[in-house]
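Quick note: numbers below take in every heavy atom, side chains included, and nothing from hydrogens, waters or symmetry partners. Quantities reported herein were computed from a predicted structural model and do not represent experimental measurements.
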Amino acid sequence: MRVDDKDIYLCDNHNKILVPLFHAYSSLKRPLHIVHIDAHRDDALFLKEKPKYFNEESLRYLLSETRISDFFDALSETGVIKTINRYTESESYLSDKEVSCDVLSLDIDIFGPEGDFVDLESKIKTIARFWNKVPVVCIAMSPGFIDQDYAREIIKIFLKKGT
């Protein structure tokens with residue numbers, strides 16, 4: 001969906017953000033700066049063959065082979081990702097360091113029980129800080145990690161103009 005000159009993608013599990021990453025990379029034609037806000041680092045190793053290029057064929061392969069925690073590593077040899085700034089630990093929310101961001105990778109499970117390591121205000125401020133300056137937002141609904149009715153309510157709040 002398109003909201004306020006921003007492409008917003010909703011997916012169930014986080015590895016499905018490979019599709020919007022493919023679109024963003026194809027559009028920008030340069031490696032992406034990603035901000036990853038999540039209750040989990042999603043830094044597991046991809047234990048299968050990693051593609052060297054990110055094209056439609058490798059996208060199909062990765063969508064079928066990645067898990068919810070190894071999708072960033074699966075892209076590691078493609079040159080698609082320039083930087084990943086992870087907000088997955090309490091101290092990362094304390095930083096106001098300016099970081100480049102093309103894609104906001106937001107896992108809504110940060111509002112579930114596993115995201116209790118950081119207070120609500122810090123979560124909202126950090127998400128809003130990046131939401132307001134990126135062209136692409138990818139939101140993972142993370143069934144199994146957060147109540148889906150609650151997740152939808154949170155997303156509705158962020159979709160309102162002026163987040």
Side-chain angles (χ1 to χ4, degrees), residues 1-89 92-93 99-115 117 123 126-127 129-148 150-152 154-155 158-159 163:
M1 73 182 84
R2 189 120 173 108
V3 177
D4 297 332
D5 296 325
K6 181 181 316 302
D7 291 320
I8 299 175
Y9 297 84
L10 294 176
C11 57
D12 56 357
N13 290 310
H14 217 153
N15 61 316
K16 300 300 190 241
I17 76 161
L18 290 166
V19 172
L21 290 180
F22 177 77
H23 292 300
Y25 180 69
S26 298
S27 173
L28 294 172
K29 298 187 183 347
R30 63 171 170 74
L32 303 170
H33 296 279
I34 298 171
V35 167
H36 180 68
I37 300 175
D38 195 332
H40 310 95
R41 289 187 54 83
D42 292 347
D43 62 353
L45 296 177
F46 182 67
L47 301 176
K48 300 191 178 197
E49 184 179 350
K50 294 179 187 177
K52 303 285 187 230
Y53 305 99
F54 198 35
N55 54 32
E56 289 183 21
E57 181 181 338
S58 62
L59 174 62
R60 281 190 299 278
Y61 165 71
L62 291 173
L63 286 170
S64 69
E65 298 298 328
T66 55
R67 299 168 294 152
I68 62 172
S69 60
D70 65 359
F71 56 96
F72 285 135
D73 186 56
L75 292 172
S76 64
E77 295 183 16
T78 64
V80 168
I81 299 173
K82 179 84 171 182
T83 60
I84 302 173
N85 286 283
R86 286 181 166 87
Y87 291 76
T88 57
E89 298 171 4
S92 58
Y93 287 84
V99 299
S100 296
C101 185
D102 300 309
V103 177
L104 173 58
S105 166
L106 171 61
D107 194 325
I108 213 71
D109 72 357
I110 193 67
F111 292 99
E114 293 183 42
F117 59 85
K123 292 174 197 176
T126 301
I127 293 167
R129 176 177 148 207
F130 294 107
W131 185 286
N132 289 324
K133 69 179 188 179
V134 297
V136 178
V137 176
C138 306
I139 303 172
M141 298 287 290
S142 288
F145 292 96
I146 186 170
D147 176 81
Q148 292 298 280
Y150 182 53
R152 282 188 282 281
I154 293 167
I155 291 167
F158 280 106
L159 291 177
T163 297

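Contact record, Ser58 with Tyr53: OG-O, 2.9 Å, taken as the closest heavy-atom pair. The two residues Gly112 and Ile146 make their nearest non-hydrogen contact at N-CD1, 3.6 Å. Contact between Glu49 and Tyr61 at its shortest, heavy atoms only, is O-OH, 2.7 Å.
Counted within 6.0 Å of NZ on Lys133, heavy atoms from surrounding residues, nucleotides or ligands total more than 12; the atom is thus considered enclosed.
Within the structure, side chain to side chain donor-acceptor pair (under 3.5 Å) contacts touching residues 15-28 (residues at least two apart or in different chains) are Asn15-Thr66.
Side chains of Leu18 and Leu75 form a contact here, defined as non-hydrogen atoms less than 4.5 Å apart. Using a 4.5 Å heavy-atom threshold, the side chains of Asn13 and Pro143 count as touching. Considering only heavy atoms from C-beta on, Leu62 comes within 4.5 Å of Phe46 through its side chain. For the pair Cys101 and Asn85, the minimum side-chain heavy-atom distance is 4.5 Å or more. Residues Ile17 and Tyr9 have side chains not in contact (no heavy-atom distance under 4.5 Å, counting atoms from C-beta outward). Contact check for Val99 versus His33: no side-chain heavy atoms found under the 4.5 Å cut-off. Side-chain contact between His14 and His40 is absent, with no heavy atoms from C-beta onward closer than 4.5 Å. Residues Asp38 and Asp109 are in side-chain contact: their nearest non-hydrogen atoms beyond the backbone lie under 4.5 Å apart.
Asp102 pairs in a salt bridge (charged side-chain N to carboxylate O under 4.0 Å, His left out) with only one of the listed residues (Arg30, Lys29, Lys82), which is Arg30.
Between the side chain of Asp73 and the main chain of Asp70, no donor-acceptor pair closer than 3.5 Å is present. Side-chain atoms of Lys123 come within 3.5 Å of backbone N or O of Gly115 as a donor-acceptor pair. Between the side chain of Ser69 and the main chain of Ala44, no donor-acceptor pair closer than 3.5 Å is present. Although no hydrogens or angles enter the test, the distance criterion places no donor-acceptor pair under 3.5 Å between the side chain of Tyr87 and the main chain of Val35.
Taking Phe22 as the reference, Phe54 meet the ring pair (Phe, Tyr, Trp, His ring centres under 6.0 Å) condition, with sequence neighbours excluded. In this structure Ile155 satisfies the side-chain contact (heavy atoms from CB on, under 4.5 Å) test together with Leu10, Ile108, Ile139, Met141, Leu159, sequence neighbours excluded.
The line from CG of Leu32 to OG of Ser105 is 11.5 Å long, rounded to the nearest 0.5 Å. In this structure, CD1 on Ile110 lies 3.5 Å from CZ on Phe117, to the nearest 0.5 angstrom. Here the CZ atom belonging to Phe72 is positioned 5.0 Å from the NE2 atom belonging to His36, to the nearest 0.5 angstrom. Atom CD1 of Ile34 is separated from atom SG of Cys138 by 8.0 Å, given to the nearest 0.5 angstrom. The NZ atom of Lys48 sits 3.5 Å away from the CD atom of Glu65 when rounded to the nearest 0.5 Å.
Phe158 and Phe111 have tilted rings, their planes meeting at an angle from 30° to 60° on a 0 to 90° scale.
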